[in-house]
Protein chains: 2
Amino acid sequence: MPKYLQIYQQLVDRIQNGTLPAETKLPSETELMQEFGASRGTVRKAIDALQDKGFVRKHQGKGVFVLSQDAIAFQFNGIVSFSEAHRQMGEHDVKTDVISCDLIEATEELAHLFHIAPGTSLTQVKRVRTIDGERVIFDINLFVTSLVPGLTKDIAGASIYQYIEQTLGRQISYAKRKIEAQPATAEDQQYLDLEGTSHVIVITNDTYFYEGQHFERTQSRHRLDKFQFTDIARR
Amino acid sequence: MPKYLQIYQQLVDRIQNGTLPAETKLPSETELMQEFGASRGTVRKAIDALQDKGFVRKHQGKGVFVLSQDAIAFQFNGIVSFSEAHRQMGEHDVKTDVISCDLIEATEELAHLFHIAPGTSLTQVKRVRTIDGERVIFDINLFVTSLVPGLTKDIAGASIYQYIEQTLGRQISYAKRKIEAQPATAEDQQYLDLEGTSHVIVITNDTYFYEGQHFERTQSRHRLDKFQFTDIARR
DNA sequence: AGATATTTGTACGTATGTATT
DNA sequence: CAATACATACGTACAAATATC
């Protein structure tokens, strides 16, 4: 592990175990240099990482200050798949049913979206997520088949993201997300326990590989009252 | 402007005007050093900034690659106030009506939330946003009065964030956001043109100053079909 | 109010390590 | 194996913002 990450990790530990409580000032760069036997640049890199992760805030001329812990607890930004998200939550009975896993041909519109030729093969996966006995999420995934080959119903029942990263060895880089409400479709009514609600929350997710290739669009359709999304925004 | 930001800006320009199209490789650090007459550290800082903003991706041993433009167009992350968001969109007839601007006393629950004593003064602002003639957003703001003093109906009708940053001279740092659906309340029905929809989308926003003080909680209640939220997530 | 010290920000230079070509 | 390109680490100097005397 690089030295700057070691320093970073030790400082994170101190913040998390209360040695460096919220609102207190971190030792100055000069002091940290002496303590860790590192150059100023290395110490600064560690502190920059702390700030990126939301642990501290730097102020020129003043110092570096620890931010309150509860701010960090909120920090589950980033791309998190369904199975990752619910493994952490625990306590809930979660099940995934794969409705279908088919090859389809890209329409004009989808071809344009993925920057591929019309008619190119796409893999379409439809899944229903059941939480505590209620069917509350209906996912429709579309993958560019050439970029994500070999998808099967079995894989779709486990974790597609794990398959992409571990079996295919591709690295997922970033995702664009859109959240909106839409009237429930006939398919929504068929696959979800809507309990009379007229709308669903739709999260459209466009995901990209490290190299910038757009390989997936997913619509995740949630029952209104079972949907919640949190994040942290920085000015 | 610091040198590394000048280099950053010039590279952004080239990416945006097509001189450096997506998927192409940036000049190497050595070449950029010569071109801009800068040290390697300075060039690297500029490239790091490019990567932070999502313009490029660095690969050790390979080079730095330009990411596709449409990924960046999506990049309006961060904390954006209502008036900021709609100034950019243009084309729409937007109006803000201030329903009330009162001092209230913190309940036990609110006191705990803001880490203040029960009974401490809070400023409560209720506003309705009308877009193209329809009342679609109902905002309820709660400010810790001692941290955001002097709020008036007039200020609430313009931009509270601008007042905080420019008049009070305080810097807003980050916000925690939660998005969920809730059944419409009587107040929602009174102030919004609900068009028969039973639920509203509620965005709860907790905002913090640079120093880490929690100074605001806002509930922004949106009509279902007029709500949309986008962001970009990184792995 | 003003000078001085402290603290972070920027910039340069050099050397060595690691991944890819 | 060698060359190329990015990553880490050390050191120095000066600037800018803030705190202190």
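Within every chain, numbering begins at 1; the chains are lettered A, B, ... in the order of the sequence lines, protein sequences first and strands thereafter.
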Notebook entry, point to check: Val64(A) side chain: which of dT8(C), dA7(D), dA5(D) is closest?
Noted result: dT8(C)
Margin query: Rounded to whole Å, please give me the gap between NZ in Lys58(A) and P in dT8(C).
Written below: 8 Å
Notebook entry, point to check: Going by atom types alone, do Glu216(A) and Asn141(A) pair a side-chain donor with an acceptor below 3.5 Å?
Noted result: yes
Next item on the list: Measure the distance from CD on Glu31(B) to P on dA3(D) and round it to the nearest whole Å.
Entry: 18 Å
Next item on the list: Please state how far atom CG in Leu32(A) lies from atom P in dT7(C), giving the value in whole angstrom units.
Entry: 11 Å
Checklist line | Pair Glu31(A) + Lys25(A): basic N to acidic O under 4.0 Å | finding: no
Next item on the list: Please evaluate the base of dT18(C) for a donor-acceptor partner in the side chain of Gln60(B) within a cut-off of under 3.5 Å?
Entry: yes
Give me, pair by pair, the N or O atoms of the protein and of nucleotides 19-21 of chain D that are less than 3.5 Å apart, along with how far apart they are.
none

Checklist line | Residue list, side chain to side chain contact (heavy atoms under 4.5 Å, CB included) with Ser220(A), at least two apart or on another chain | finding: Ile137(A), Asp139(A), Ile203(A), His222(A)
Notebook entry, point to check: What pairs with Asp13(A) under salt bridge (charged side-chain N to carboxylate O under 4.0 Å, His left out), at least two apart in sequence or on another chain?
Noted result: none
Next item on the list: Answer yes or no: is there a donor N or O on one side and an acceptor on the other, between the side chain of Lys3(B) and the main chain of Gly37(B), under 3.5 Å?
Entry: yes
Next item on the list: Look at the rings of Tyr208(A) and His214(A) and say which category their plane angle falls in: under 30° parallel, 30 to 60° tilted, over 60° perpendicular.
Entry: parallel
Next item on the list: Return the value, rounded to whole Å, for the distance between atom NZ of Lys25(A) and atom P of dT6(C).
Entry: 11 Å
Check: Looking at residues at least two apart in the chain, or sitting in another chain, which of them share a ring pair (Phe, Tyr, Trp, His ring centres under 6.0 Å) with Phe215(A)?
Finding: Phe209(A)
Next item on the list: Could you state the atom-to-atom distance from CD of Glu29(B) to P of dT8(D) in whole Å?
Entry: 11 Å
Checklist line | Separation of dT8(D) P from Ile47(B) CD1 (nearest whole Å) | finding: 14 Å
Notebook entry, point to check: For Arg57(B) and dC6(D), what is the distance between atoms CZ and P respectively, to the nearest whole Å?
Noted result: 15 Å
Note to self: Looking only at the side chains, is there a donor atom on one of Thr19(A) and Asn17(A) sitting less than 3.5 Å from an acceptor on the other?
What the structure shows: yes
Next item on the list: Mind calculating the distance between CD (Gln51(A)) and P (dT8(C)) to the nearest angstrom?
Entry: 12 Å
Report, one pair per line, the protein and nucleotides 12-15 of chain C atoms (nitrogen or oxygen only) whose separation is under 3.5 Å.
| from | atom 1 | to | atom 2 | distance (Å) |
| --- | --- | --- | --- | --- |
| dC12(C) | OP1 | Lys3(B) | NZ | 2.6 |
| dC12(C) | OP2 | Ser39(B) | N | 2.9 |
| dC12(C) | OP2 | Ser39(B) | OG | 3.2 |
| dC12(C) | OP2 | Thr42(B) | OG1 | 2.6 |

Next item on the list: Only pairs at least two apart or in different chains count here, so list each side chain to side chain donor-acceptor pair (under 3.5 Å) that has a residue in residues 98-111 of chain B.
Entry: none
Margin query: On the nucleotide dA11(C), are OP1 or OP2 found under 4.0 Å from the side-chain N or O atoms that Lys45(B) carries?
Written below: no
